Structure formats: C-alpha cells, structure tokens
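Just so we're clear, the structure is a prediction, and the values are computed from it rather than from any experiment. Residue numbering restarts at 1 for every chain, and letters A, B, ... go by the order of the sequence lines.
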Amino acid sequence: MFHRINAIILRHAYLHRRSPARVMEVFFWPVMDLLVWGYITAYLKELALSDAVLFFIGAMILWDVLYRSQQAISLSITEEFWVRNFINLFISPLSIPEFISALCLVGFIKSVVTTVVLAILALFLYQFDLLQLGLGLLPFYGNLLLFGWAVGLFTMGIILRYGRAAEALIWGMPFLLQPLSAVFYPVNVLPEWLQAVALSLPSTYVFQGMRQVMEGGGINWGQMELALGLNLVYMVLGGLFFGLMLRSVRIKGYLARQNLQ
Amino acid sequence: MAQATEADRAIISVDGLSKHFAGHKVVRDLSISVPRGQILGLLGPNGAGKSTTLHMLLGLTQPSTGSIRIFGKNLQKSRRSILSRVNFSSAYSSLPTNLSVWENLSIFARLYGVRSRRERIRELLELFEIPHTLHALTGALSSGQLTRVNLCKAFLNEPEILFLDEPTASLDPDIAARVRQTLLRIHRERGVTMIYTSHDMQEVQRMCERVLFLSRGKIIRDGPPGEIVDRDGAASLEEMFIAISLADQEEVRSDSGDKD
C-alpha cells in the first residue's frame, strides 16, 4: 500500500522539480497575496487603526492552507487528463483510497511549505508573528486542511464526471467559499440568511477563532470541536460524492474517454 | 476427477457481456474464452465495440450485463489482484511529458511493486533498443521512442496478460517491424497472453494466432486469421475487413432508413 502512495507523491515531487509553474503555485502567488494584504494592513495601521488589523495577514496565511490543500487534490487529477496518463494510473493496482491519500499528503506538504515561507516573510516584513496564535494554530491548521481535502474531493468528483469543462472549478471553488467563511471580516456582517450558511462551514469557525485569539481572547475549543465534526461530515460526503461520480463515469464509459479528451 | 472445461483453462473468460450507452447497444452478448499464451486480435470497423470491450476488460467501463473472469477471478470483485498481473499500452495514452523516462518508469515500477527497479528498467529499455533515453525528458522523445517507452511501462510488472491498443500506430515501418519482433519474442519466451487491436491487417495477420471480428457489437468471425480468410473466400484479411466495413455501413444506413 505505502509503495503505491509513495509512487504518487514521488510523481508530484518530480513534477514540481521540473515545472516552474507548479513551483510558482507554492511560492509566487501566495507571496504576492501576502505582499498585497501586508501593505494594505500597513496602510490601515498608518491610519492609526488598532493592531487588530494584523488579522488580515493571519487570515491570508491561513486561507492559503485551505486553498493549497483543495487545489493539490483537484489539480492533480486534471494534470493526469492533460498528460493523458489517466488510464495508466487507473489500470494499475493503485486503489482509489490510496490515490486520494497520496493527493491529500501532497496537499499537506505543499501547504506546510507555503505556510512556513509566508510566516517567515510576514515576520520580517510586517512584524506579524503567526506563532502568536499559540496552540490554536494546530486546530486552525488541521481544520482548514481537512476542509480543503473535503472540498477537493467534491471538485475532483465533478472534474471526473464533466472533464475539462469543469476545470475552472479548481480555482473557482475556494473563492465561492471565501466570502462565506468570514475570512477577512466577522460573520455578523453577513446578511442573516447568509450567516446560517457561513456557520455550516468549518472554515468560518477557524477565522472567527483566529480573530478571537488575536484580540486577546482564548481559544474556543468547543467551536474547534464543532468545526472538526463538520469537517468529518464533509469528508464523508466528499468521499461518497466522489465514489458516486466514479461509479457514474464507469457506467457511462467516460473514465476511458477522459484520457482522449 | 472431472476434466477441466475450456472455461476453466481460459485465462480470460467473458460470458454474455453487453454494454449500452443511453439505450444504444455498443456491445451485444459477447462470450469469449482466451487460453493462456494466445495472441488474440480484436478487429472491426469504427464503432464495432472493440474499444468498449477492451475498456470493460480493463475495468475502466462497467458492463451493463454479463461477467468477466480473469485468472478465474471476477474482475469487479478482485480488480486489484487482477490488475497487478496485467498491463496495457496504447497509442492513445501517454506518460507525463515533463518527467524523464527514468522518473516515469520508476513511478510505475513502484505502483506495480517491482523489486530491483533500476535493473528492470534498464533491461526493458535495452530490450526495446532505447537505453539512451533513460534520462531524456519524455516530452522530447520521438513518437517511436515514446511508443517503446509505453511498452516498457507495460512490461514492468512482467504481465501475464497484455492489452495492446494499436501499439505500432505512429511508428515508422522499420521500427514497427522491430517492435513486433520484440513482442513476438517476449511472447515466445514468457508465454504472455496478448489482446491486440490494430487497423493494420497485415500486422494482425503476422501477430495474432486468432482474431475476433466485431461488427456492431457482435462477434461475426472467430478463428485463426488464415482460416477465416479462407472461409470467407477473401484474398486477404484486409479485403475481408473492407467487405465487413461496407456491409456494416450498409446495415447502419438501412437501420436509419427504417427509423425514418
């Protein structure tokens, strides 16, 4: 089992070693985001707003955890369509749970690398210390990673079913969730009906929790447990959805044809 | 002890296999028994159901009805253990072009749990006469080299059954001939069962011990190539193929005429 998971991780390691575009995903875009949000924050501080505006930087760094882990999964499957390698993988003894586990691990590694780089830059450029989140960093990180994987499973299921026509979802899906996750503002600024939607997302509790910690409050462990519970539900639903899509493409014969699109 | 039946001896046993997409029957009630070590050619005009049959045999497409047993095991229930003993090469699939040949082959060697990966990869590249491509980028290879790298991938796990979908399409005639010789040599030495599709009838005649002609999802001829050509009174397999394709088109036309 592990040699097959290892093979898929290695496949992505080789790809990143040879592809500047893939390396840019891990470093360039997140750093550009950090610079934009960092300077906005510096400007707001100049306007004599409180240090609490620093949460913009924390939110941007944590948001990237969800984004990277979702993208690692959904981009990987599309990559196999692009290079017509899809059939080779699916006729090998690699099982679907092994394939997904490997992609989740790739997402984890990419998000850790990006977070470390962003945290170091944020400390030097804006004196923002991500470690001020203390122990809270672990549940925040873990919940965002899990939610990214769950969203990735949904996205991957749709891409599997609809092929290249659905590729835009790889980049679009997280931005559908961003305004609802109260990343840069508290959930109570949303209209009431949208608040209910926001509170059904694990990411909302993470960003609310992060602001609470940065404002000097403690970690609300109850909310972190709620986020974890929601994540488990989304992971199960994501897995079931992916399984359903896989069954559907096997019946419709799309699995074989995806390779040729 | 009861004598083993033909189905017991068969390495691939297909019974009553059908597939329809949105009410359109693509494969109809196919029953095939392939003995170990046979090279079987799947032939037929476009739309005859060759690819769908191949995809069902590889577990990529789920049959509407019927069963597939490979090594005596049900394909749907024992997918992984069957797939670890078979492999596939197609002119229409590729390997990641931005990885080197070594990287690609070592990934697949790991997926198939190949021991002594380095030696195995070198041995296969030698066998297909492309050892110099080991560290080349896969995307920089000529189509002939790429086809042979695909074949190296297909032999990594020393498959007992090899599915070959037009393996020599896109090859220059001299390289195609050398690839065929290598495949025949491997078949002779290791007794690999091969399921072969090709549009090159001369190639099929040279390679296959038995051919199945499919037309509109049904088997219409089954036997050694020379024998079925004689039975049909045709001059060659190619002439027979053309006659079947024309009859097939005629039937499609009359069917659509009936519907109108």
Side-chain angles (χ1 to χ4, degrees), chain A residues 1-23 75-99 102 106 160 243-261, chain B residues 19-22 26-27 51-64 76 78-100 102-104 106-115 117 137-139 146 150 153-154 156-157 159 163 165:
Chain A
M1 175 186 171
F2 293 110
H3 60 86
R4 286 187 288 269
I5 293 178
N6 188 21
I8 298 298
I9 294 174
L10 197 66
R11 186 251 183 279
H12 289 279
Y14 286 148
L15 172 70
H16 280 76
R17 201 172 68 180
R18 293 191 183 277
S19 166
R22 291 287 170 272
V23 176
L75 193 58
S76 304
I77 198 162
T78 318
E79 182 93 37
E80 304 306 347
F81 291 156
W82 287 337
V83 296
R84 298 193 298 154
N85 188 35
F86 196 66
I87 286 187
N88 287 327
L89 290 178
F90 273 75
I91 59 116
S92 79
L94 177 74
S95 71
I96 296 299
E98 285 167 354
F99 184 54
V106 171
L160 193 66
L244 205 69
M245 290 296 109
L246 185 64
R247 192 174 129 63
S248 160
V249 294
R250 279 209 167 110
I251 290 172
K252 291 176 187 290
Y254 293 165
L255 197 58
R257 275 181 257 164
Q258 293 289 20
N259 212 56
L260 307 176
Q261 280 185 10
Chain B
K19 182 70 196 174
H20 40 83
F21 295 121
V26 180
V27 174
S51 298
T52 306
T53 303
L54 205 62
H55 295 152
M56 286 193 283
L57 290 172
L58 286 164
L60 291 168
T61 298
Q62 195 174 308
S64 302
Q76 282 196 314
S78 309
R79 200 168 173 272
R80 179 189 287 188
S81 81
I82 292 171
L83 289 179
S84 65
R85 296 165 65 188
V86 308
N87 216 315
F88 169 70
S89 179
S90 166
Y92 307 108
S93 71
S94 186
L95 292 166
T97 48
N98 41 12
L99 268 55
S100 72
W102 159 256
E103 288 167 345
N104 270 317
S106 75
I107 288 166
F108 279 95
R110 279 168 210 269
L111 283 176
Y112 284 97
V114 175
R115 295 200 181 107
R117 285 189 295 274
L137 268 187
T138 309
L146 187 60
N150 273 325
K153 186 241 64 164
L156 274 172
N157 60 330
F163 295 92
D165 187 13

Report the residues that fulfil salt bridge (charged side-chain N to carboxylate O under 4.0 Å, His left out) with Arg117(B), sequence neighbours left out, ordered by chain and then residue number.
-> none

Contact origin within Thr52(B) toward chain A - heavy atom pairs under 4.5 Å | neither

Side chain from CB out, backbone as N, CA, C, O: work out which of these in Arg85(B) comes under 4.5 Å of a heavy atom of chain A, or both, or neither.
-> neither

Identify which part of Leu89(A) has an atom lying under 4.5 Å from any heavy atom of chain B, answering side chain, backbone, both or neither.
-> both

Please tell me if the side chains of Thr138(B) and Glu103(B) come closer than 4.5 Å, counting only heavy atoms from C-beta onward.
-> no

What option among Ser100(B), Gly139(B), Ser89(B) has the most heavy-atom pairs under 4.5 Å with chain A?
-> Ser100(B)

Does some side-chain heavy atom of Asn157(B) sit less than 4.5 Å from a side-chain heavy atom of Val86(B)?
-> no

Select one option (side chain, backbone, both, neither) describing which atoms of Phe21(B) are under 4.5 Å from chain A's heavy atoms.
-> side chain

Under 4.5 Å to a heavy atom of chain A? For Phe163(B) that would be neither

Residue set satisfying salt bridge (charged side-chain N to carboxylate O under 4.0 Å, His left out) with Arg110(B), at least two apart, ordered chain then number -> none

Validation row: Asn85(A), Asn104(B) side chains within 4.5 angstrom (heavy atoms) = no

Please tell me if the side chains of Leu111(B) and Ile8(A) come closer than 4.5 Å, counting only heavy atoms from C-beta onward.
-> yes

Heavy-atom distance under 4.5 Å to chain A: side chain of Leu137(B), backbone, both or neither?
-> side chain

